[in-house]
Amino acid sequence: MRARRAVAALVAAAAVTTVAACGSTGSPLPSPARPLPPAAEATAGPLPASAASAGPAAPQPSQPTPSCNERESLPPLAALPPAQARGSRIDAIERYGYLRVGITVDAAPFGSMNWRTMEVEGFDVDVAREIARALFGRPDRVQFRAVDTRDRESLLDEGKADIVVATMTMTCERKEKVRFSGVYYEAGMRILVPADAGFDTVTDLAGRQVCSAQGSTSFQKIADLVAGGRRPIPVHRIGAVDCLAALQRGEVDAVATDDTILAGMGTEDATLKLLGPEAFDGVLPPERRGVLAEPYGVAIARTDDDPGLSPSEAAANRVADDEFVQFVNRVLLDMMTGPRWNELYDRYLLGVLGPAGDPPARRQRNWPDGVLTASGGR
Amino acid sequence: MVTERVDATEDIRERSAAALVVAERLRAALSRADATAAADVFGWIDLVPSQELSASQRRENYDRMKTDGYYTGDHGDAPAGGGSGAGASAGVRSETGAGAGTDAPTDADTEVDARQAPPNDYSAAIRAATTTLLDLRQADPGECRAADEPDSTHCAMNRLATLVPEHVGLVAEARANNRAGNTVGGVYLRLASDLMSGTILDQTDLLVAAYGDRVDRDYRRATGGGGENLLLVVLGSAFVVLVGAQVYVFRRTRRIINLGLLGATCVLVVVGVGCLVQLGAQQSRLSDAERDNYVPMTLLAASRTLALQARTYELLSLMSLGNGDYADAGFRRVLDGLGFGPDGRPLPAAGTPGALSAALAELPDARESLTTEFTEWLRVRREVVDALDRPPRPTGATTPDVFDDAIDTTLRSEHFDRFITQVDGLLESRRAGFDADLAVAAGKVRAVGVGIPVALVVAAGCCAAGIGARMREYG
């Protein structure tokens, strides 16, 4: 009996020991060590856009209407006023200590980053510096902020910049959101294609992908150029220089944007060529070539359209905005009637675009009323 | 049973965990490559610093740059390994000749033949990545059956083999254009970074997840209760047989004690308990290995990769002159993955903790030093961001060169490099510890495999001797 109990006890002990050791041990990868879930679409990188999507609405090319002339702006001040008498907008800028400027950094020779000197440089950059010189007496009182074509208006709207000098074409649609100075440069839309690829006219690009910067006027113009099924296919990338990379990689067949920017691209790649205005002969008679015009203006943030403002506050802000616009126009007019505009042209654009024509102030008899003289425009 | 558990334990050591370690190293090398490529655009400022330097200082600067990330030719007289400056400040440690299973560069690595030394930090990182990919092929051999298993590890390796050269090509295109001062260079750099973060690292993530699952499976195989059950059945059955034999002999001979049978019973009991103890010890050792080494190792590896990605985003953001929303968003996302906010404070503990905060919880001894370097890196970054967002007002006649200062501050800060170096060291020590624990655990199971057959033979011999003697005595 005792022996049986002893045996039973031993067997039970062994069973308990075994049961205790029966559970297997896993070793899953700890959750924090697992790869992060994919980023949400909103934070994903700037991926090439599809031809079917225009992204943020591209502004419609302007046609002068009785109520809107895209080139029109307020008359300049008779003279630059002394400090403390320049209006509340300018006073605020002076208190900040810097003129905050949105610029493009991938649109040489108008705006680009020189990684050797760590300086932004270009025609637009120096225009901004001239405005800063007028404000502060020093051209280096500028805080530059790079901006993509599609974000120029929102940069001003969000109060992140005082002005945008970024190859920004003046359009009536954009005038509803920002204020513009008078025209400081008359550019025109052109097309960049691989040299010796048989592309000489716009009609040669029928059915081909033509790239423009997202949010640019060029995008819509390409879409409107040719009627019918054999039109070029407009596609977009974030910036014009992204279009250049796409062209170099064979993802698109042409780049359409301002001649100024394309000329700069052409200097970066000898295998490309810039089509002149005659390339549009098949789709645009000479008398309609005005639609290709891209008049540049300095965009200025509006401060009178905040929904929280009372009518009197909005009116006061509008006055302040007007004063600032007129101040900028004074600076621009001085540049164009003096030697400065030509100096900048010679420095940045002569080697790329050839000899300068008349500055915009000479193409409008009463600049900046927007009325071109008979020989005005491009 | 014993063979199965030994095999499973060895598989953890030589296959699944080994492959996981190599996959983590691959992921880190590729992240390093991305960071060094992003730093490339600033390489020129090393050669042409804005401050005034004498001719001899400039020559010294130039010689230093030859060992760094700017020049891509074969300058064999340069010392091997990463130097200081833009490339090294991206957090690159040259891993020339690093073999499988190692994470930190050893003395032997830094003394590699200068003729084989990569010319710059990006090349070093890419070489490390491609070498590691080859190591991974050896650790996990097999063919890709794309039609049946497109997400298999072998197919991921094949994809990586085609994608990495594409990244190299884009970076080369970027460098050539940057050198010529062409604005399109920045686009190619962004394309390269997009390829890395959006596609290439996805493949390495797939590998890490797959190998992590294999380690889990092998652990379960190595510690499955089937072994103990089988042992209990075998030894229990033998014990019952012996007791039955003892009863039978007692009835035939009227003698209670039969030395042979008693000896056999004792041998079986002792060996049986011993085997159970060994199996339990093996399981315990594996659990300890998992808790003390495997978990910290994987958390550190994940932290390292995420930190390198954060560094890449930091540099891309700096390059963007305030237009870096995409890079800023990427930086915040990766920092969340680490478990920290941009201010350097740990995020509130809700849901899954970040990789670094979880690693620090596992490594209390290293917490202070790791946290110090990491938070200092973030503090410097914050200062740079604040300065770019709101530059200091000019005092006197000079206007501060904010952008120049921002780049200089970012690239010259050593906190990130020191943080990564510490992580590398801790990772290697944990990997070595894990390896040692697995070897001990495998040894314990092998002992069981030797003990059981010996015990059964001895017990059988004792039985034969005991019963035989009685049979002869009582005929």
Side-chain angles (χ1 to χ4, degrees), chain A residues 7 10-11 14-15 17-18 20-36 38-39 42-47 96-98 103 105-108 112-120 138 140-141 143-148 151 160 239 241-242 244-245 248 264-265 268-269, chain B residues 41 44-45 48 50 178 181-184 186-188 190-191 194 197-198 205 208-209 212 215-216 219-220 223-225 228-229 232 236 243 272 276 279-280 283 286-287 290 294-295 298-299 301-302 320-323 326 329-330 333 337 339 352-355 358 391 393-394 399 403-404 407:
Chain A
V7 167
L10 271 175
V11 169
T17 305
T18 302
C22 259
S24 61
T25 301
S27 180
L29 200 62
S31 296
R34 288 201 167 264
L36 293 181
T43 59
L47 298 174
Y96 183 82
Y98 289 89
I103 55 162
V105 292
D106 55 6
S112 63
M113 182 67 187
N114 186 326
W115 292 104
R116 285 192 282 276
T117 62
M118 289 296 141
E119 297 283 345
V120 290
R138 292 169 54 172
D140 58 351
R141 292 285 195 96
Q143 179 189 1
F144 289 112
R145 186 184 180 100
V147 63
D148 294 324
D151 296 327
K160 295 179 180 176
V241 72
D242 298 274
L244 174 60
Q248 291 177 332
M265 290 181 183
E268 295 187 11
D269 191 334
Chain B
V41 74
W44 182 260
I45 67 169
V48 188
S50 55
N178 284 339
N182 294 338
T183 53
V184 76
V187 175
Y188 283 103
R190 280 202 308 275
L191 288 172
D194 288 347
S197 61
D205 288 348
V208 165
V215 169
D216 187 30
Y219 246 79
R220 292 181 194 281
T223 58
E228 284 85 348
N229 293 340
L232 185 63
V243 170
L276 286 173
L279 289 178
Q283 190 157 345
L286 287 177
S287 294
E290 190 226 358
Y294 178 71
V295 167
T298 55
L299 291 172
S320 67
L321 299 182
N323 189 27
Y326 160 59
R333 175 175 164 267
T352 303
R393 298 190 67 168
T399 302
F403 190 60
D404 221 19
I407 294 174

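Numbered from 1 within each chain, the chains take letters A, B, ... in sequence-line order.
Inter-residue side-chain proximity for Tyr98(A) and Asp140(A) is flagged as unmet; no heavy-atom pair is nearer than 4.5 Å. Considering only heavy atoms from C-beta on, Val187(B) stays 4.5 Å or farther from Leu244(A) through its side chain.
Only the backbone of Ser320(B) comes within contact range of chain A, judged by heavy atoms closer than 4.5 Å. Using a 4.5 Å cut-off between heavy atoms, Asn114(A) does not touch chain B at all. At a 4.5 Å heavy-atom cutoff, the contact between Ala358(B) and chain A is made by side-chain atoms alone. In this structure, chain B has heavy atoms under 4.5 Å from both the backbone and the side chain of Val105(A). Neither the backbone nor the side chain of Asp269(A) comes within contact range of chain B; no heavy atoms are under 4.5 Å apart. Residue contact with chain B, scored on non-hydrogen atoms closer than 4.5 Å, involves the side chain of Arg34(A) exclusively. Interface remark: Leu299(B) contributes backbone and side-chain atoms alike to the contact with chain A (heavy atom separation under 4.5 Å). Of the atoms belonging to Met265(A), not a single heavy atom falls under 4.5 Å from chain B.
Between Asp194(B) and Arg190(B) there is no salt bridge, since no side-chain N of the basic residue sits under 4.0 Å from a carboxylate O of the acidic one.
The two atoms that bring Glu290(B) and Pro28(A) nearest to each other are OE2-CD, 4.3 Å, heavy atoms only. For the residue pair Pro353(B) and Pro32(A), the shortest heavy atom distance occurs at O-CB, 3.3 Å.
Note on Val295(B), Val208(B), Val215(B), Asp205(B): by heavy-atom pairs under 4.5 Å with chain A, the leading option is Asp205(B).
The CG atom of Asn178(B) sits 10.0 Å away from the OG1 atom of Thr183(B) when rounded to the nearest 0.5 Å. Taking OH of Tyr294(B) as the reference point, atom OG1 of Thr298(B) lies at 5.5 Å (rounded to 0.5 Å).
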